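Worksheet: the structure to be examined is printed underneath.
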There are 2 protein chains.
Amino acid sequence: MATISDVAARAGVSTATVSRALNGKSTVDRDLVARVRKAAVELGYQPNGPARNLRRQEAAVVALIISDVENPFFTAIARGVEDVAHEVGYSVVLCNSDESAEKENRYIDIAIQERVAGVILSPSGTTTSVAKLATRGTAYVAVDRPLPGHDSDVVLVDTRLAARQATAHLVAQGYDRIGCITGPSGVRTADDRLAGYRDALRSAKRRTPKLVRRTEYKAAGAHRAALDLLSQAEPPDALLIANSAMAVGVLQALQELEIRPGRDVGLVAFDDAPWAELVDPPLSVVAQPAYEIGAVAARLLLARIADSSRPPTTTTLGARLLERASSRGPEDRR
Amino acid sequence: MATISDVAARAGVSTATVSRALNGKSTVDRDLVARVRKAAVELGYQPNGPARNLRRQEAAVVALIISDVENPFFTAIARGVEDVAHEVGYSVVLCNSDESAEKENRYIDIAIQERVAGVILSPSGTTTSVAKLATRGTAYVAVDRPLPGHDSDVVLVDTRLAARQATAHLVAQGYDRIGCITGPSGVRTADDRLAGYRDALRSAKRRTPKLVRRTEYKAAGAHRAALDLLSQAEPPDALLIANSAMAVGVLQALQELEIRPGRDVGLVAFDDAPWAELVDPPLSVVAQPAYEIGAVAARLLLARIADSSRPPTTTTLGARLLERASSRGPEDRR
DNA sequence: AGCGACCGGGTAATGGATTACCCAACGATC
DNA sequence: GATCGTTGGGTAATCCATTACCCGGTCGCT
């Protein structure tokens, strides 16, 4: 594998000149630049990243640690981050923490060890492993969920409000016994969505009977929860579902029970999955601006990398309720 | 940021001993190991990755370059890779080439520069940038699509056969004018699926009129293609669709045209998306063993990292046709 | 003509972990 | 008791790109 000295020898210059010519940091004679370029191409020279990063004390890489690669919400965030980072020459590496504090911790360690320029993460639960980033002085931004006890840059969605609006919508459509299937306790978005749901019921003066279930943010858990809720003596006549993977589980359960969404039970789910309009009836959703979250987070991160002393900011983006037939309401049923 | 010398000083030993104690490569006195560990923890020591990788000439990282993060097929592959790699202490970084040869090329350069131990990629098109990996001696494995002109390890699905079977199934169900919407020319899976489709029509002695459309592997392209096909004078009465993102586009088009899938037009799509059973009627799919592809690829890669001289292998996995109501057939319609 | 400013480019220090090589100490063997 | 082997641990070389520092040459100004 060719090194910078090989290139220097072939071009008949010093290694310093090769470095300067290839990085364009300092002015180098035209002819020399050309000679160096030529030599580099001929040798197929690729700079040694570790050596460069060792010397520079930082890699032009940002790590993006997301809690579920299979969740379209997070992959959309990833695209937002990528597009912005690439524009300014940073690479993005994606790490999948799988909602596990341990994996998240592991990836944070790796990010620190590899001296990445910054980290964007969707914190799983109440982890304190981000503290390491703070003490190391590595720039980081939290997305989707805040970091309790750290005032870092955060990009959030006003998910409590969105849940409240979605629930109020169900109330307005005439549903009476509205249930909620949300994520695990301690996961901030799950808690917030539940809180928004309760806000709406409270201000509509509904009592909130036992119509809440919490499970992991996956189809399987939501499937069980839905079966459980709907086989009760007094089942809900509408459901607020906290993400699109869960919506899949709920819709499966409804199929099995032969309960028709939008007819027998009203539904609103978080996240506008590409298939939401294709199911029958089309699923009402709370569309979160995922790409935007990623793009904003990336810009904040870059700003922080450039100036670590800037005051931390919290950006809260809004979500949009897309009313479709699955929440049409009892009135319209006939 | 604490360095190995800081730890050595605090533990009262040499840097060599610290390295040996922490890596367990050589036998070190129990007490010293304890002292070193203690000092490392107290200082919050995290080894400097670039320094380590520079010295070792390789990072315990494998790069996974996939052509679309938003495609569940590829994210499932990612999980397979991750699970296997993590077992043996490798980290996985995910790179999204977005079906762009340029981005793929860029990520390959980065992988080489960072001296990753190996690369798994789903090659976009006829790129030759993988040649660099070969000349550099970096281990790599291709998934989903072979690399023309390189005999590397490859993990494939027998997608031509699967397409043939799916098409034969449509024939058997009594469909007459079967169309196909597949990916861009030059993308191997797209070509293979088309070839399998033609195989089936040929052996069923159907002429293949102008019922094939090729677009990018996305919903938007497939949407246009479906509108185009179905508004022809003699539209198809069934469609083979080459992936799940395209299936979304096609289903949208059918909704707009008020053509009922499984009733007016038979459908089979590649990839078993979580929502396939939820649409009305449930979508027949060709389920590819994506997780398995990733797991096998990772094992092959690890084997090649360990022994670069082993002969390249091609693993072909089978796909399963899941017959659901969207391909019920004209006979059953009434 | 002489002096300083400026510029291009070379020499060598630097970053931090790993490891080849070497040495000391201790136990075992004859 | 002397010698050899073994083992644990220290010293210093090594990986390679970047960059501080320095030097020689050119140009401009007086």
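Reminder, nothing fancy here: chain letters follow the sequence lines and each chain counts from 1. Every value quoted in this text rests on a predicted model; they were computed, and no experiment measured them.
Extent of DNA chain C lying under 4.0 Å from chain A heavy atoms, first and last nucleotide in 5' to 3' order, is C:dG8 to C:dG16.
For B:Arg20 and D:dA12, the CZ to P distance is 14 Å, given to the nearest whole Å. Remark: P of D:dC15 and CG of A:Asn53 are 19 Å apart, rounded to the nearest angstrom. Between A:Asp6 atom CG and D:dC16 atom P there is a gap of 9 Å when expressed in whole angstrom units. Between B:Asp29 atom CG and D:dT6 atom C1' the separation is 15 Å, expressed in whole Å. The distance between atom CG of B:Asp31 and atom P of D:dG9, rounded to the nearest whole Å, is 9 Å. Straight-line distance from the CZ atom of B:Arg55 to the P atom of D:dA13: 13 Å, rounded to whole Å.
Within 6.0 Å of atom CZ in A:Arg106, more than 12 heavy atoms from other residues, nucleotides or ligands are found, so the atom counts as buried in its surroundings. At most 12 heavy atoms of other shown residues, nucleotides or ligands fall within 6.0 angstrom of atom CG in B:Asp151.
Distances shorter than 4.0 Å separate some side-chain N or O of A:Asn23 from OP1 or OP2 on D:dT18. Phosphate proximity of D:dG9 to B:Thr17: absent, as no side-chain N or O sits under 4.0 Å from OP1 or OP2.
Between A:Arg304 and A:Arg310, the shortest heavy-atom contact is NH2-O, 2.8 Å. The two atoms that bring A:Pro184 and A:Asp191 nearest to each other are O-OD1, 4.1 Å, heavy atoms only.
For A:Arg52 against D:dT18, no side-chain N or O and base N or O form a donor-acceptor pair under 3.5 Å.
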Passes side chain to side chain donor-acceptor pair (under 3.5 Å), A:Asn53 versus B:Glu114? Steps please. CA-CA 9 Å; A:Asn53 298 336; B:Glu114 298 302 325; 3.2 Å; yes

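Annotation: salt bridge (charged side-chain N to carboxylate O under 4.0 Å, His left out) contacts involving residues 45-72 of chain B, sequence neighbours excluded, comprise A:Arg79-B:Asp68, A:Arg79-B:Glu70.
The residue A:Ser19 sits close to a base: some heavy atom pair falls under 4.0 Å. At a threshold of 4.0 angstrom between heavy atoms, the contacts of A:Thr27 are confined to the sugar-phosphate backbone, with no base atom among them.
We find that B:Glu42 and B:Lys38 are joined by a salt bridge, their nearest charged nitrogen and carboxylate oxygen being less than 4.0 Å apart. A salt bridge links A:Arg145 to A:Glu99: at least one charged side-chain nitrogen sits closer than 4.0 Å to a carboxylate oxygen.
Using a 4.0 Å cut-off on heavy atoms, the residues of residues 36-51 of chain B that approach DNA chain C are B:Tyr45, B:Pro47, B:Asn48, B:Ala51, listed by number.
Each of B:Gly12 and B:Arg115 was assigned the nucleotide of DNA chain D with the nearest heavy atom; the assignment lying further toward the 5' end belongs to B:Gly12. In this structure, B:Gln57 and B:Val28 both approach DNA chain D, and ranking their closest nucleotides by distance from the 5' end singles out B:Val28.
When side chains are defined from C-beta on, B:Glu104 counts as touching B:Leu121, because their heavy atoms get closer than 4.5 Å.
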